[in-house]
Amino acid sequence: MLNQVRYFQAVVRLGSFTEAAVECHISQSAISQQIKTLEQELGIQLIERKNRKFNLTPAGEYFYKKSLILVADYDRLVQDSIRISKKDNAELRIGYLKSYAGGAIQAAVALFSEKYPDVNVHIMGGSHEDLYDALRTDKVDLAMNDQRRAFSNEYVNLSLAHIDCCIEIASRNPISALEKVSPEDLKNTPCILIASKGQQRTEQEYYSDIFGFQGDFLFADNMDEARLMVVQNNGFMPIDHGTEIPGNTTTRIPLCRRDTPITRHYCAFWKTDNSGYYVEEFADMLKGVFADK
């Protein structure tokens, strides 16, 4: 019956027996017969046929909506069961924002690995767009990223935290004496961003348009390289409030706009059709780590 339900869903979703038959790789007459068989097994009429058009009956409308949930739950049940049965091959692929300097990812991975030592955890860092592309092309199962787009129904969008932004600047720079800074205060100081060569323009446009940084931009491949540039007084680095400052060579200053802190919204994202057990479990752990900070 499950295949018949899938055929029925395809017909309703596409609004066409012909298109549904093509998508399901069967003939139009076969898909029509399968739906008739489904109606006979249920003992109700799902579709009212009128020449080449059709309408759902009230029962058909109800059955369609509820069947979407049923089939989605079944698919997830099968996926999770397969993963559990293949513990030796179980894996979780996580992407995180390279410019994030907090310890939430490391803490969540430690918790997860302790609870699920048989699951191989693979971690990749990247810029916002790197992570978006990796998630879209199934290179990672879950990405911890900042929100730059409107939420999409294709993804689960789990809010983790709104974190105040700061700048990190060399302690010997005169700006380090300020209690807070605005983007306008930094117009003559280069902004140091962490981005691969292919994402430098995108990152520059984002920090210019959204944050309002209008000076020069310098780029580093990773946090260590960016921090070395800061220590050399080459510019400032946007960073989150509350993350650890190594040594006393740099100073962290709150970043504000008209005395209001500028914040960054961190989220965990994963595809709606990839809401497997391990993905959701790690997301819950990550949420808990952020909540404890």
In this structure, which one of Q45, Q4, R49 forms a side chain to side chain contact (heavy atoms under 4.5 Å, CB included) with K36?
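The single option meeting the side chain to side chain contact (heavy atoms under 4.5 Å, CB included) with K36 is R49.
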Is a side-chain donor or acceptor of [X] paired with a backbone partner of [Y] at a separation under 3.5 angstrom?
X    : Y    : answer
E39  : L46  : yes
R257 : F211 : yes
D284 : E281 : no
R93  : M124 : no
D224 : N222 : no
S67  : Y64  : yes
S176 : R172 : no
Q214 : S208 : yes
Q34  : A30  : no

Between the side chains of T57 and E48, does any donor sit under 3.5 Å from an acceptor?
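Side chains of T57 and E48: no pair found under 3.5 Å.
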For residues S171 and T249, is any side-chain donor paired with an opposing acceptor at under 3.5 Å?
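Their side chains do not contain a donor-acceptor pair, so the 3.5 Å distance test is not met.
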Starting from [Y], can I reach [X] by hopping between I/L/V/M/F/W/Y residues whose side chains sit under 4.5 Å apart?
X    : Y    : answer
L193 : Y100 : no
V11  : L68  : yes
M237 : L255 : no
V231 : M223 : no
F269 : L286 : yes

Compare every heavy atom of [Y] with every heavy atom of [X], then report the nearest pair and how far apart it is.
X    : Y    : result
I163 : H241 : CG2-O, 3.8 Å
A59  : I44  : CB-CD1, 4.2 Å
K287 : L158 : CB-CD2, 4.3 Å
I105 : I94  : CD1-CG2, 4.3 Å
A283 : L142 : CB-CD1, 3.8 Å
A108 : M285 : O-SD, 4.2 Å

What's the separation between atom [atom1] in [X] and atom [atom2] in [Y], rounded to the nearest 0.5 Å?
X    : Y    : atom1 : atom2 : result
S113 : F282 : OG    : CZ    : 8.5 Å
T260 : D164 : OG1   : CG    : 10.5 Å
I192 : I239 : CD1   : CD1   : 11.0 Å

Could you label the plane-to-plane angle of the H265 and H162 rings as parallel, tilted or perpendicular, counting under 30° as parallel and over 60° as perpendicular?
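Aromatic pair H265/H162 classed parallel.
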From CA spacing to verdict: side-chain contact (heavy atoms from CB on, under 4.5 Å), N157, C267:
CA-CA 6 Å; N157 313 285; C267 300; 5.6 Å; no
Let me know which of K98, Q199, R149 forms a side chain to side chain donor-acceptor pair (under 3.5 Å) with H128.
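Of the listed options, the one satisfying the test is R149.
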Counting only heavy atoms not in [X], do more than 12 sit closer than 6.0 Å to its [atom1] atom?
X    : atom1 : result
N153 : CG    : no
Y62  : OH    : no
E154 : CD    : no
K271 : NZ    : yes
E41  : CD    : yes

Residue list, ring pair (Phe, Tyr, Trp, His ring centres under 6.0 Å) with F8, at least two apart or on another chain
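Checked F8 against ring pair (Phe, Tyr, Trp, His ring centres under 6.0 Å); matches are F63.
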Carboxylate-amine/guanidinium proximity below 4.0 Å for [X] and [Y]:
X    : Y    : result
R136 : D133 : yes
K139 : D130 : no
D259 : K180 : yes

State yes or no: are the ring centers of Y207 and F217 separated by less than 6.0 Å?
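When the ring centroids of Y207 and F217 are compared, they turn out to be at least 6.0 Å apart.
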As a quick check of understanding, evaluate side-chain hydrogen bond (donor to acceptor under 3.5 Å, both in side chains) for Y266 and D240, giving each step before the final call.
CA-CA 11 Å; Y266 283 109; D240 300 327; 2.5 Å; yes
Mind checking whether W270 and E280 have side chains closer than 4.5 Å, heavy atoms only?
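Side chain of W270 against side chain of E280, heavy atoms only: contact under 4.5 Å found.
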